[in-house]
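Below is one structure, written out as structure tokens, with a few remarks after it.
In this text, all values refer to a predicted model and were calculated from it rather than measured experimentally.
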There are 2 protein chains.
Amino acid sequence: MVTGKSTILDVARIAGVSTATVSRALAHPDRVQQATRDRVMSAVRKTGYRVNPVARNLRTQRTNVILVLAPNLANTFFSRILSAVTEVAASHGFGVLIADSAPLGDHDLDVMDLSGDGRADGIILLDGALDPLRVTNTDLPLVMACEWIEDSTLPTIAIDNVQGARLAVEHLSALNHHRIAHIAGPVGNVLSTARHDGWRSAMQALDHRIEQNDYFAGDFTLGSGVSAARQWLAQPADQRATAVFCASDECAMGFIGHVTRQGLRVPDDVSVVGFDDIDLSEHFLPSLTTIHQPRRRMGARAAETVIRLIRHENTAGADAAPLPVELVVRGSTARR
Amino acid sequence: MVTGKSTILDVARIAGVSTATVSRALAHPDRVQQATRDRVMSAVRKTGYRVNPVARNLRTQRTNVILVLAPNLANTFFSRILSAVTEVAASHGFGVLIADSAPLGDHDLDVMDLSGDGRADGIILLDGALDPLRVTNTDLPLVMACEWIEDSTLPTIAIDNVQGARLAVEHLSALNHHRIAHIAGPVGNVLSTARHDGWRSAMQALDHRIEQNDYFAGDFTLGSGVSAARQWLAQPADQRATAVFCASDECAMGFIGHVTRQGLRVPDDVSVVGFDDIDLSEHFLPSLTTIHQPRRRMGARAAETVIRLIRHENTAGADAAPLPVELVVRGSTARR
DNA sequence: CTGAAAGCGCTTACAG
DNA sequence: CTGAAAGCGCTTACAG
């Protein structure tokens with residue numbers, strides 16, 4: 001019997017008790033007499049009453065929700081992280097709300113925004129390009145995950161991107177490749193920078209010269225893999241890098257797709273390594289050699305960390321060592 | 001100069017005005033004298049004040065947010081829909097919050113939940129398995145998108161799934177395939193059912209018999225494509241379907257990946273059609289023939305519809321005809 | 001075990 | 001143009 005939205009007062013009237021009792025019957029059933037509780041519950045059913053979360057939040061100063069701010073929901077990389085966050089949060093009694101952080105960058109969020117206090121008890125920020133001071137009003141616990149902010153002291157869950165790049169380069173080098181090109185991620189992004197650095201330093205450590213044409217700009221997308229492939233193909237065949245390390249799996253797939261359609265073969269004509277190990281990588285043709293990121297663990301750890309912060313529990317180890325990455329050798333790389 | 005969280009009262013005191021004036025200076029600058037406004041703004045800056053959205057929502061009974069409930073954030077299919085929703089919403093002054101609808105199915109959300117009134121002004125529900133009566137407290141405008149609920153009168157934005165399946169089958173038939181198998185989506189899902197029906201009726205209309213072994217259970221995932229491929233391969237080579245229509249692109253990629261790794265070739269040995277046209281489909285090897293869904297348009301239309309509902313504007317045409325699908329012929333299908 | 005009352009942080013008629 | 005006051009829908013000490 002649902003009729004319009006009813007408040008706690010409606011329920012109280014029907015049950016013949018005070019609103020305080022209704023509230024207690026719902027939140028602390030043991031603190032109200034059995035008979036009273038029954039009357040309340042029946043009134044709740046009769047009215048279809050549900051507590052207004054906003055009113056409750058305002059009163060209790062808690063929301064039991066964690067807000068996740070992601071830079072790009074169109075990036076398949078985040079999905080598994082989000083589901084891990086949701087799971088862990090649920091097991092601690094928190095709900096998870098997700099918002100695209102891109103709009104926040106544009107607008108002026110000085111005074112009003114999606115993320116402010118009151119809507120959430122804590123924030124997980126996946127976007128290293130956002131100024132966290134602008135994201136939240138001072139007091140809200142905030143943890144960074146995946147990306148990070150240089151010189152900040154925020155608790156951060158991330159992998160060792162430099163090491164990931166190094167593993168890729170060493171693998172290729174061990175297969176006798178010396179000319180190893182790199183297709184980078186978006187300029188300015190911390191992940192791009194770290195992977196780029198890892199590539200450069202590993203090349204140097206192995207005494208492989210980096211040719212001027214072996215760096216390709218990109219942005220993690222399929223499309224950027226395609227356009228890098230075009231540029232690479234435009235180089236004289238005998239002067240091309242024999243292997244390519246891509247800043248993301250999607251980019252690698254774009255590269256392989258284009259190059260293959262142009263008649264070359266991977267890995268026979270060129271070896272390719274990705275980064276991320278998204279679900280599709282093992283099913284791609286050829287299956288993709290890549291750097292595995294523990295996405296579930298990152299999500300879970302991020303959730304645990306904010307929750308601990310929210311509860312003022314010991315946070316030691318929160319910003320501990322980066323999570324380990326792993327080289328997964330599959331079909332897109334071969335001995336030269 | 002940010003020091004703890006400050007309230008409107010702090011600002012008022014510093015500016016030497018009432019809280020009413022602070023509120024007005026922020027929300028309706030034109031209604032307060034220039035000089036006063038300046039004092040308020042400077043106090044705002046000094047305190048780092050941001051309005052508490054929860055308090056405002058409670059007072060105004062509006063949130064300016066739209067909540068999107070998605071069944072599975074790990075499904076790459078939703079990302080583009082979500083970004084379209086976010087864009088359109090932003091252009092109308094609404095923020096978008098996203099939540100995983102899966103946990104809602106489990107728990108008892110009779111009394112408290114993520115989606116209740118107060119947190120959002122309207123809901124876009126992408127999950128046809130959820131009972132919308134339980135999702136929202138009566139009054140919140142709700143529109144279904146992608147999936148729908150049989151026999152409900154909710155405004156619904158969807159494509160013609162039966163027609164999509166039909167296009168796939170007709171394409172394959174025109175390429176001289178008569179044995180066209182189907183790998184289905186999850187049982188009970190409206191999309192699965194519609195695509196399955198479309199396959200069956202198209203086969204019938206074309207006078208192609210459906211062999212008992214030509215239906216494979218699945219669930220839209222890569223993995224389900226792989227296991228269908230195993231079953232298909234287990235059939236005697238001369239008794240297998242020569243073409244497969246998959247309920248999703250991911251499933252098709254899983255099928256192609258496995259079958260190729262087992263030494264067969266697509267499309268030479270078997271033609272495959274997917275459904276969705278996700279970003280990767282054109283880059284996959286072979287590129288995937290599939291049914292294109294206008295994901296951006298669906299997201300945009302869903303957003304426009306809820307917003308119109310929220311504003312009590314004319315909703316005519318909201319549940320108009322389904323959006324058109326389109327066959328995209330690429331490399332995974334060939335003449336038999 | 002239950003109720004009256006205060007208060008969470010805002011906004012908005014209503015006066016002036 | 002500005003302020004005092006009420007009220008959005010709850011919860012929680014505090015009495016009884």
Side-chain angles (χ1 to χ4, degrees), chain A residues 4-13 15-41 43-44 47-64 111-113 116-121 137-140, chain B residues 4-13 15-41 43-44 47-64 111-113 116-121 137-140:
Chain A
K5 90 181 66 174
S6 40
T7 72
I8 197 171
L9 189 57
D10 301 321
V11 176
R13 273 202 274 259
V17 297
S18 72
T19 59
T21 297
V22 174
S23 178
R24 269 188 298 253
L26 261 18
H28 312 283
D30 49 303
R31 289 191 214 159
V32 359
Q33 210 174 233
Q34 170 79 48
T36 315
R37 200 196 314 157
D38 291 346
R39 291 213 319 282
V40 170
M41 286 326 229
V44 164
T47 54
Y49 172 72
R50 302 232 206 124
V51 354
N52 179 322
V54 163
R56 184 214 271 120
N57 295 347
L58 181 59
R59 173 59 228 234
T60 61
Q61 302 291 80
R62 295 195 96 249
T63 63
N64 283 310
V111 178
M112 48 230 284
D113 60 6
D117 279 325
R119 282 211 226 261
D121 295 338
N137 196 339
T138 59
D139 294 335
L140 267 202
Chain B
K5 90 183 65 177
S6 39
T7 72
I8 197 172
L9 188 57
D10 300 321
V11 177
R13 273 203 274 259
V17 297
S18 72
T19 59
T21 297
V22 175
S23 178
R24 270 188 298 254
L26 261 18
H28 313 283
D30 49 303
R31 291 189 213 161
V32 358
Q33 208 173 235
Q34 171 78 49
T36 316
R37 201 196 315 159
D38 291 346
R39 291 215 318 284
V40 170
M41 286 326 228
V44 165
T47 55
Y49 172 73
R50 303 235 203 120
V51 353
N52 179 323
V54 164
R56 185 215 269 119
N57 295 347
L58 181 60
R59 173 59 227 234
T60 60
Q61 301 292 79
R62 292 196 98 249
T63 63
N64 284 310
V111 179
M112 47 232 283
D113 61 7
D117 280 323
R119 281 211 227 262
D121 295 338
N137 197 339
T138 60
D139 296 333
L140 267 201

Considering only heavy side-chain atoms of A:Gln33, the closest of C:dT2, C:dG9, D:dA4 is C:dT2
Here the gap from A:Thr21 atom OG1 to A:Gln33 atom CD, rounded to the nearest 0.5 Å, amounts to 10.5 Å
D:dG16 versus D:dT12 - spacing of their C1' atoms, nearest Å = 16 Å
Of the candidates D:dC10, D:dG9, D:dG3, the side chain of A:Arg56 sits closest to D:dC10
To the nearest angstrom, the CG-P distance between A:Leu26 and D:dG9 comes to 16 Å
Applying the 3.5 Å cut-off to both distances, the Watson-Crick or G-U partner of C:dA4 turns out to be none
Rounded to whole Å, the CG-P distance (B:Leu9 to D:dA4) equals 12 Å
Quiz prompt | Donor-acceptor contact below 3.5 Å, side chain B:Ser6 vs main chain B:Thr47 | solution = yes
Here the gap from A:Leu58 atom CG to B:Asn52 atom CG, rounded to the nearest 0.5 Å, amounts to 6.5 Å
Here the distance between atom C1' of D:dT12 and atom CZ of A:Arg62, to the nearest Å, is 16 Å
Side-chain contact check for A:Asn52: nearest option of D:dG9, C:dG9, D:dA4 is D:dG9
Looking only at D:dA5, C:dT2, D:dT2, the nucleotide nearest the B:Val32 side chain is D:dT2
Against the side chain of A:Ala55, the closest entry in D:dT12, D:dC10, C:dT11 is D:dC10
Quick note, B:Thr21 side chain, CB onward, closest among C:dC8, D:dT2, C:dC10 is D:dT2
Quiz item: Could a donor-acceptor pair under 3.5 angstrom be found where the side chain of A:Arg24 meets the base of C:dG3?
Solution: yes
To the nearest angstrom, the CD1-C1' distance between B:Ile8 and C:dT12 comes to 12 Å
Side-chain atoms of A:Val17 come closest, of C:dC10, D:dT2, C:dG3, to C:dG3
| task | Indicate yes or no: at least one non-hydrogen side-chain atom of B:Leu26 is less than 4.5 angstrom from one of B:Met41. | result | yes
Are B:Asp10 and B:Arg13 close enough, and set up right, to give a side-chain contact (heavy atoms from CB on, under 4.5 Å), and what steps lead you there? CA-CA 5 Å; B:Asp10 300 321; B:Arg13 273 203 274 259; 4.1 Å; yes
(Q) If the cut-off is 4.0 Å, is A:Gln61 near the phosphate of D:dT11, judged by side-chain N/O to OP1 or OP2? (A) no
Applying the 3.5 Å cut-off to both distances, the Watson-Crick or G-U partner of D:dA13 turns out to be none
On DNA chain D, more 5' by nearest nucleotide between B:Thr19 and A:Thr60 is B:Thr19
Taken to the nearest whole Å, CG/B:Leu58 to C1'/C:dG7 is 12 Å
Of the candidates C:dT12, C:dG9, D:dC10, the side chain of A:Arg59 sits closest to D:dC10
Rounded to whole Å, CG of A:Asn57 lies from P of C:dC10 at a distance of 14 Å
B:Arg13 CZ to C:dC10 C1', in whole Å, measures 15 Å
note: B:Arg31, atom CZ; C:dA13, atom P; distance rounded to Å ~ 9 Å
In this structure, CG of A:Asp30 is separated from CZ of A:Arg24 (nearest 0.5 Å) by 11.5 Å
